[in-house]
There are 4 protein chains.
Amino acid sequence: MPIAAGTPADQAPVQPKRERRKEARPRELLAAALDLFVEKGFAATRSEEVAARAGVSKGTLFLYFPTKEELFKAVVRENISGRFSEWNDEFLSFDGSSEEMVRYCLKVWWERIGETRASGITKLMLSEAQNFPDLAAFYHQEVVQPGQELICRILQRGVERGEFRPMDVEYAAYGLTAPMVFLTMMKHSLCACMPKDTPLDAERFIAAQTDNLLLGLCIRPPAGAPAGSAS
Amino acid sequence: MPIAAGTPADQAPVQPKRERRKEARPRELLAAALDLFVEKGFAATRSEEVAARAGVSKGTLFLYFPTKEELFKAVVRENISGRFSEWNDEFLSFDGSSEEMVRYCLKVWWERIGETRASGITKLMLSEAQNFPDLAAFYHQEVVQPGQELICRILQRGVERGEFRPMDVEYAAYGLTAPMVFLTMMKHSLCACMPKDTPLDAERFIAAQTDNLLLGLCIRPPAGAPAGSAS
Amino acid sequence: MPIAAGTPADQAPVQPKRERRKEARPRELLAAALDLFVEKGFAATRSEEVAARAGVSKGTLFLYFPTKEELFKAVVRENISGRFSEWNDEFLSFDGSSEEMVRYCLKVWWERIGETRASGITKLMLSEAQNFPDLAAFYHQEVVQPGQELICRILQRGVERGEFRPMDVEYAAYGLTAPMVFLTMMKHSLCACMPKDTPLDAERFIAAQTDNLLLGLCIRPPAGAPAGSAS
Amino acid sequence: MPIAAGTPADQAPVQPKRERRKEARPRELLAAALDLFVEKGFAATRSEEVAARAGVSKGTLFLYFPTKEELFKAVVRENISGRFSEWNDEFLSFDGSSEEMVRYCLKVWWERIGETRASGITKLMLSEAQNFPDLAAFYHQEVVQPGQELICRILQRGVERGEFRPMDVEYAAYGLTAPMVFLTMMKHSLCACMPKDTPLDAERFIAAQTDNLLLGLCIRPPAGAPAGSAS
DNA sequence: AATGAATGAGGGTTCATTCAT
DNA sequence: GATGAATGAACCCTCATTCAT
């Protein structure tokens, strides 16, 4: 499954009732804005384009978001649902080995974030952080920190259960974060430019990274590991 | 050595002889532009600011670069080292173990790219790729590909010499790339916004990633590795 | 009775029977518009505000007045009393001295115009005349001229009856107009901004102006005049 | 001398040196802005018009004044020179009768303010006070108050020298202010709309008001007074 | 070559006006 | 009639770019 340009998504089909629209509008505008902000950056995206992609006129956009900056903030907030608590619970009640947890973690991230439109937020946030320091702080606190802590807990569990080697847990956690962020950035930047010839196969990427990561983490050769490693 | 706010590095050097100012101008402008583009993004950087930081007037900037876009392209091109062939030679004549090569590779990357102003180019390129597709292609060809190939060659050598396990070399190479890119992006985005409390210690980060990476790659426990891993 | 901030006067009356709302609508809208136009000027008043103050929706306003300009014109016309003929009659049948007529004239102006919402029209008209030349002409013809003529007649009567000195009646009439207009303008501009400390006491103002005016007009010291003047 | 529409003043003749222009620009822009603001009101005047009347492009205006509001403030400030201290001195060293002082005061006001472009500021300020409360306070403090005090001093002097009757000096002072303000407002509003037929002859207006005012103020019939008044 | 005053197209935002419900 | 969501022309302001000096 090679990744490439900005998944255009489904566009406004048949006009529903007026009432319906009013409730749907904010979501439609945010979706349009996310696409464009990710694609071209905040500054290079014109308000009118956002409106047009959402199928409304320029003025309508400002009926729902008082400024372009507020639109940006709303885009970020909209896509940071508090799914971490849900995930936390998922992992608290997780019953398998720690290796399985790591595999599950990366798999689930890809399914729920990486290959969805939400991954654009990461690109957006890293690209524009300097211009929106307060949002950056918010994002760090609401997304980066909780994610980091979730991963730390998994690694810690592995160490305590004797599955993982002792390690600098806090920084080892970046072993999961870095590949995901890298993949996301590539998907929304260079990969979106190169046509077909040099794609980045996300699943192959994740497989390779997961394998090597676990080989490094596990004390006993991991179940799903390739043969021939440090034995 | 924690990284945080945009390490200003060497700024505005004291006025040298008037003679060589003229020749130095383009370089000074490019340096100023790089700083600002990295700090604020392409669109949010005003031409006049670039000129001011380089100590010249607005008009002078356009004497050297016909448009802001051309300036941007020049900045990227100027800072995309064509030094890969040189590095290649370094590695061709490298005499140590493949593990040492990997360690050296990451160390050298940090010294020559990561902690210098050049790292800003990665941030810039990933952030603006969609707006400069031709540059993105150029960057991919001049930086990503050669870097990738260099790493592949190291891994391949390790496998062939029986030091590294058999692997999907092409994608395993991202095991080196991803942490570096991640570190770079963080340094120039979220880390530059956060105060002192949550910095990302670059050397600790590299140490942790290198350790785990090599544990995963090596057949025999790597020399510099932490104890207790898959043995 | 010092005048200061925009005496709100009677606002939004309690909802009357639903039946007569429809008929009352235009009047309510005009009242709301008058308040707002006087307070903020024509341009700075938003149509929606007018509607809101009248307790209806934006759309309803345009049901009664096709454009904002027409609303403005209606406001002015509505508040330009055609009551001059009525007042004329009052003065034709006036039985007292001409001095009393002048006093009565100023007193009545204050009671019927100056201290009511109608005084806002003067402010509005003088402020916006250039943007509504046809209205200005209409106002001049319906208000300024009749008022002027009414005053002239009073002065003329005084001269003819030997109560007032001979004078340039036409321009002497401004001796009554100027203070009233001045007071109105102040009330609706500077006085509405200043806090409590420097108010303009309308009745004291009128008393002082009336006294001096009559001392200048009368041949014999006027009855209500302060002692010590040219005798 | 009938007053009518907004004296267009002299427009940009031959292009002087570039250097010269830069110094002259602010003044030219302020002059243009004063004309237009007085003529059409603040809100109804477009920035581009101001620039055009000053013979420059839209952008140039914003080189000198950061916002339209700042332009407005600058217009008001520019035209409120601290001429009151000068006038104060003039009147402190005045040697004639108090009647002469009053006559001189009104005459000089007309020459220096009333018939010049500066009179537009009064119109502007009274029309827009509500939208610029801080400027209104500034104007009141810098213009209205000092003027009022100057007049009070003249009247007080007259009373103390036995030339004027005892009076409520503070409010009697409006006897000079009101006609001047009235004349100014009329000149810049209704009079600017009516073509030729109903002009307001400023000198005849001032003569009539001065005469009557002094008849009211003076204990002995004033020297320049019309015959036949209260004797 | 260097300057910086001037330009004007471009884009964010407002708000009078329309019209489907 | 009444509503208020939607429209889009208009306007303020920015800033890359030009060019007279």
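On a predicted model such as this, the values are computed, not experimentally measured, just so you know. Naming convention: chains lettered A, B, ... in sequence-line order (proteins, then strands); numbering from 1 in each chain.
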Identified stems (criterion: three or more consecutive Watson-Crick or G-U pairs, under 3.5 Å), DNA chain E: E:2-21 with F:2-21
Set of side-chain contact (heavy atoms from CB on, under 4.5 Å) partners for A43(A), sequence neighbours left out: A43(B)
Distance (rounded to the nearest 0.5 Å) between R53(C) CZ and D35(C) CG: 5.0 Å
Between P of dT18(F) and CD of E48(B), the distance in whole Å: 16 Å
For atom CD of E23(D) and atom P of dG4(E), their distance in whole Å: 15 Å
side-chain contact (heavy atoms from CB on, under 4.5 Å) partners for A44(C), two or more places apart: K40(C), N131(D)
Distance, rounded to the nearest Å, where L29(A) contributes CG and dA5(F) contributes P: 14 Å
Residues forming a side-chain contact (heavy atoms from CB on, under 4.5 Å) with F42(C), sequence neighbours excluded: F37(C), K68(C), E69(C), F72(C), E128(C), F132(C)
Closest-nucleotide ordering on DNA chain F, the 5'-leading residue of A43(B) and A43(D): A43(D)
Partners meeting side chain to side chain donor-acceptor pair (under 3.5 Å) with T60(D) (sequence neighbours left out): S57(D)
Nucleotide dA2(F), atom C1' - distance to CZ of F65(C) in whole Å: 16 Å
Atom-to-atom span, CZ of F37(B) to C1' of dA16(F) - whole angstrom: 12 Å
Spacing between E70(C) atom CD and dT17(E) atom C1', to the nearest angstrom: 14 Å
All pairs passing salt bridge (charged side-chain N to carboxylate O under 4.0 Å, His left out) where residues 54-67 of chain D contributes a residue, at least two apart: none
dC15(E) phosphate, OP1 or OP2, under 4.0 Å from S47(C) side-chain N/O: no
Pairs: protein N or O with nucleotides 7-9 of chain E N or O, under 3.5 Å:
| residue | atom | partner | partner atom | Å |
| --- | --- | --- | --- | --- |
| dT7(E) | OP2 | S57(D) | N | 2.7 |
| dT7(E) | OP2 | S57(D) | OG | 3.1 |
| dT7(E) | OP2 | T60(D) | OG1 | 2.5 |
| dT7(E) | O5' | S57(D) | OG | 3.2 |

Interatomic distance, F42(C) CZ vs dC15(E) P [rounded to whole Å]: 13 Å
Neighbour count >12 (heavy atoms, 6.0 Å) for atom CD, E48(D): no
Pairs where residues 43-69 of chain D contributes a residue and the test ring-ring contact (aromatic ring centres under 6.0 Å, His included) is met, not counting sequence neighbours: none
Touch class at under 4.0 angstrom, heavy-atom based, for Y64(A) against every strand present: sugar-phosphate
Partners passing side-chain contact (heavy atoms from CB on, under 4.5 Å) against A52(B) (at least two apart in sequence or in another chain): none
Given DNA chain E, 5'-ward residue of the pair R46(A) and T45(C), judged by closest heavy atom: R46(A)
Value in whole Å for how far the P atom of dT17(F) lies from CZ of F62(B): 5 Å
